[in-house]
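Written out below as structure tokens is the structure these notes cover.
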There are 2 protein chains.
Amino acid sequence: MARARTTLDAFNAVAEPRRRQVLGLLAHGELPVNDMVHALGWQQPQVSKHLSVLLEVGLVRVRREGRQRIYGLDAGRLKEIHDWTATFEHFWQHQLERIKERAEAKKTSARPRGIVPPRG
Amino acid sequence: MARARTTLDAFNAVAEPRRRQVLGLLAHGELPVNDMVHALGWQQPQVSKHLSVLLEVGLVRVRREGRQRIYGLDAGRLKEIHDWTATFEHFWQHQLERIKERAEAKKTSARPRGIVPPRG
DNA sequence: TTGACATATTCCATTATCAGAATATAATTT
DNA sequence: AAATTATATTCTGATAATGGAATATGTCAA
């Protein structure tokens with residue numbers, strides 16, 4: 001078996017750094033392909049191909065306008081990722097607290113560095 | 001060129017659904033490999049291999065205890081993803097508002113469905 | 001209908017993933 | 001030292017994504 005399809009879900013689509021760049025660009029507003037080509041400095045086919053992945057996953061929407069195609073964000077699928085990571089939110093908060101605790105209580109310096117036991 | 005390495009960053013590591021399962025499991029607390037094998041119902045080598053990816057990316061930490069290796073979450077890298085998606089948070093909020101607006105104002109029924117213009 | 005412009009698709013070569021099976025390493029017990 | 005337990009690594013085969021180059025499609029203008 002191979003790696004999961006890029007178009008399987010938002011997680012896979014967004015794993016590609018360039019695709020995140022495209023989404024970041026579209027965060028400023030809708031754009032026709034050529035504007036993205038210029039803004040990103042890539043070949044036009046690459047931009048189109050990345051857009052087609054984003055479109056298939058539903059991270060982006062298109063609209064025709066003359067011979068142009070105007071792309072815009074469809075952020076709903078990003079919320080899935082946001083929600084999933086939010087599940088772990090208290091872990092990194094907890095971790096930050098521990099870092100603070102350690103910085104303050106410098107007396108015990110030779111303790112083995114264990115993992116934060118996530119009880120509960 | 002091929003796809004970005006799985007170990008390039010948290011985005012790629014987490015794109016694999018099974019790796020998200022592992023992280024979800026570890027959210028309940030630290031676990032030795034064998035417990036994960038039983039909890040997940042996969043072959044031991046697959047569990048170890050996924051763990052090694054998560055380890056290389058820094059999403060997970062290990063600790064030796066006898067012949068066991070106890071794995072635990074290291075959620076810091078997940079925060080990167082959370083923060084990135086948070087950039088787009090207002091887009092889906094905006095989208096929800098628009099859905100509400102439409103539901104309330106049902107008079108204009110035949111408008112072309114355009115994209116929310118994200119004028120920042 | 002020819003030409004120009006905007007965008008999408010196809011073909012190619014390279015590369016890496018993933019599951020599964022087999023095997024290797026490492027620590028513990030007898 | 002041999003057996004046992006826990007975990008990691010290697011090999012294989014199938015799959016597919018990526019950029020680049022070339023080309024196709026689609027739309028508008030003359």
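A, B, ... follow the sequence lines: proteins, then strands. Residue 1 opens every chain. Scope of the values below: all heavy atoms of this structure, side chains included, with no hydrogens, waters or symmetry mates.
Across all strands shown, A/Pro32 has heavy atoms under 4.0 Å from sugar-phosphate atoms exclusively, and none from any base.
The distance between atom CZ of A/Arg69 and atom P of D/dT25, rounded to the nearest whole Å, is 13 Å. Between B/Arg63 atom CZ and D/dA6 atom P the separation is 17 Å, expressed in whole Å. We find that CZ of A/Arg5 is positioned 6 Å from P of D/dA17, with the value rounded to whole Å. The CD atom of B/Gln68 sits 14 Å away from the C1' atom of D/dT4 (whole-angstrom rounding). One can place NZ of B/Lys49 at 17 Å from C1' of D/dA6, the figure rounded to the nearest angstrom. Distance, A/Arg67 CZ to D/dA29 C1': 7 Å, rounded to whole Å. A straight line from CD of A/Gln46 to P of D/dA17 spans 15 Å, rounded to a whole angstrom. For the pair A/Gln43 CD and C/dC12 P, the computed distance is 20 Å after rounding to whole Å.
Residues A/Val47 and B/Val53 each lie close to DNA chain C; by heavy-atom proximity, the contact nearer the 5' end of the strand is made by A/Val47. Map B/Leu51 and A/Thr6 each onto its nearest nucleotide of DNA chain D; the residue landing nearer the 5' end is B/Leu51. Taking for each of A/Glu65 and A/Arg18 the nucleotide of DNA chain D with the nearest heavy atom, the 5'-most of the two is the partner of A/Arg18.
The heavy-atom pair separating B/Ser48 from B/Val33 by the smallest distance is OG-CG1, 4.1 Å.
Neither OP1 nor OP2 of D/dT15 sits under 4.0 Å from any side-chain N or O of A/Arg3. In this structure, A/Tyr71 does not reach the C/dA6 phosphate: none of its side-chain N or O atoms is under 4.0 Å from OP1 or OP2. Taking only side-chain nitrogens and oxygens, B/Asn34 never comes nearer than 4.0 Å to OP1 or OP2 of D/dT5. Remark: A/His50 is not in phosphate contact with D/dA17, judged by side-chain N or O atoms under 4.0 Å from OP1 or OP2.
Contact of the B/Leu54 side chain with the B/Tyr71 side chain is not registered, since no non-hydrogen atoms from C-beta on lie closer than 4.5 Å.
Out of C/dT9, D/dA17, C/dA21, the shortest distance to the side chain of B/Pro45 is found at C/dA21.
Side-chain N/O atoms of B/Gln44 and base N/O atoms of D/dA8 include a donor-acceptor pair closer than 3.5 Å.
Here B/Glu30 pairs with B/Arg63 in a salt bridge; the nearest charged N to carboxylate O distance falls below 4.0 Å.
The six-membered or imidazole ring of A/His82 lies near that of B/Trp92, with a centre-to-centre distance under 6.0 Å.
Checking A/Asn34 against A/Arg69 by side-chain atom types alone, no donor-acceptor pair falls below 3.5 Å.
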